[in-house]
Amino acid sequence: QLQASGGGLVQAGGSLRLSCAASGRTFSTYTVGWFRQAPGKGREFVAGISWSFGNTLYADSVKGRFTISKDNVRSTVFLQMNSLKPEDTAVYYCAADRNTWPRGDAYMYDYWGQGTLVTVSS
């Protein structure tokens, strides 16, 4: 099970940190990814991290602004979002992929958490 949290309302230029807590099974060999879905749009890959090796992958739209990290002890993956823009407004989801290397295709992810809403005002 994956539990996403940390969303909220923030002004443009501000920061938020999302958390994705894993429970109920071992995800130590998985990749955890963050996706987002804006109103009227498809689900978009944001960032992913290999739980075993720490390799990361970012969408071009968030490179340099967002940072994905993990806490093995707390079985939690974080998404630090800085310099937020109104176009970052979306429901953010975390998901787990059996692959050990982060991938950007949503259909490859096997387990999904509920979303957390991020709203960036201009």
Self-check item: Between OG on residue Ser23 and CD on residue Gln3, distance to nearest 0.5 Å
Solution: 7.5 Å
Quiz item: Would a hydrophobic clustering, with Ile, Leu, Val, Met, Phe, Trp and Tyr connected at side-chain separations under 4.5 Å, put Val62 with Tyr109?
Solution: no
Quiz item: Within a strict 4.5 Å, meaning less than it, do heavy atoms of the Tyr58 and Thr67 side chains meet?
Solution: yes
Practice problem: For residues Ala90 and Ala38, report the shortest heavy-atom separation together with the two atoms involved. | Solution: CB-N, 3.8 Å
Quiz item: Is the side chain of Thr76 donor-acceptor paired with the backbone N or O of Arg74 at a distance under 3.5 Å, no angle test?
Solution: yes
Exercise. Would you name the heavy atoms of Leu57 and Gly104 that are closest together and state the gap between them?
Key: CD2-N, 4.2 Å
Quiz item: Among Leu117, Val46, Leu16, which one satisfies side chain to side chain contact (heavy atoms under 4.5 Å, CB included) with Tyr92?
Solution: Val46
Practice problem: Write down the atom of Ala96, the atom of Leu2, and the distance for their closest heavy-atom approach. | Solution: N-CD1, 3.6 Å
Quiz item: Tell me, do Ser15 and Gln80 make a side-chain contact under 4.5 Å, heavy atoms counted?
Solution: yes
Quiz prompt | Reported CG-to-SG distance for the pair Asp71 and Cys20, which is rounded to 0.5 angstrom | solution = 12.5 Å
Quiz item: So Tyr93 and Trp112, would you call those rings parallel, tilted or perpendicular, with 30° and 60° as cut-offs?
Solution: perpendicular
Practice problem: Not counting sequence neighbours, list each pair that qualifies as a salt bridge (Lys or Arg N to Asp or Glu O under 4.0 Å) and has a residue in residues 28-40. | Solution: Arg36-Glu44, Arg36-Asp88
Quiz prompt | Non-hydrogen side-chain atoms of Tyr107 and Arg43 separated by less than 4.5 Å | solution = no
Quiz item: Does Gly7 offer a backbone N or O that forms a donor-acceptor pair with the side chain of Thr116 under 3.5 Å?
Solution: yes
Quiz item: Are Ile49 and Asn55 side-chain neighbours, meaning at least one heavy-atom pair lies under 4.5 Å?
Solution: no
Quiz item: If we only count heavy atoms from C-beta on, is the Phe53 to Trp101 side-chain gap below 4.5 Å?
Solution: no
Self-check item: Gap between atom NZ of Lys70 and atom OG of Ser52 - 0.5 Å precision
Solution: 8.0 Å
Self-check item: Side-chain heavy-atom pair Ile68, Trp34 within 4.5 angstrom cut-off
Solution: yes
Quiz item: Is Ser83 reaching over with its side chain to a backbone N or O of Arg65, donor-acceptor style, under 3.5 angstrom?
Solution: no
Quiz item: Is a side-chain N or O of Thr31 found less than 3.5 angstrom from the main chain of Asp97, in a donor-acceptor match?
Solution: no
Quiz item: Do Val10 and Phe78 share a hydrophobic cluster (ILVMFWY, side-chain heavy atoms under 4.5 Å, transitive)?
Solution: no
Quiz item: Are any non-hydrogen side-chain atoms of Leu18 and Met81 less than 4.5 angstrom apart?
Solution: yes
Practice problem: Give a yes or no on whether the backbone of Met108 and the side-chain of Asp105 come within a donor-acceptor separation of less than 3.5 Å. | Solution: no
Quiz item: What heavy-atom pair brings Asp110 and Arg98 nearest, and what distance separates the two atoms?
Solution: OD2-CG, 3.0 Å
Quiz item: At their closest point, which heavy atom of Cys94 faces which heavy atom of Ala4, and how far apart are they?
Solution: SG-CB, 4.0 Å
Quiz item: Sequence neighbours excluded, which residues qualify as ring-ring contact (aromatic ring centres under 6.0 Å, His included) partners of Phe45?
Solution: Phe35
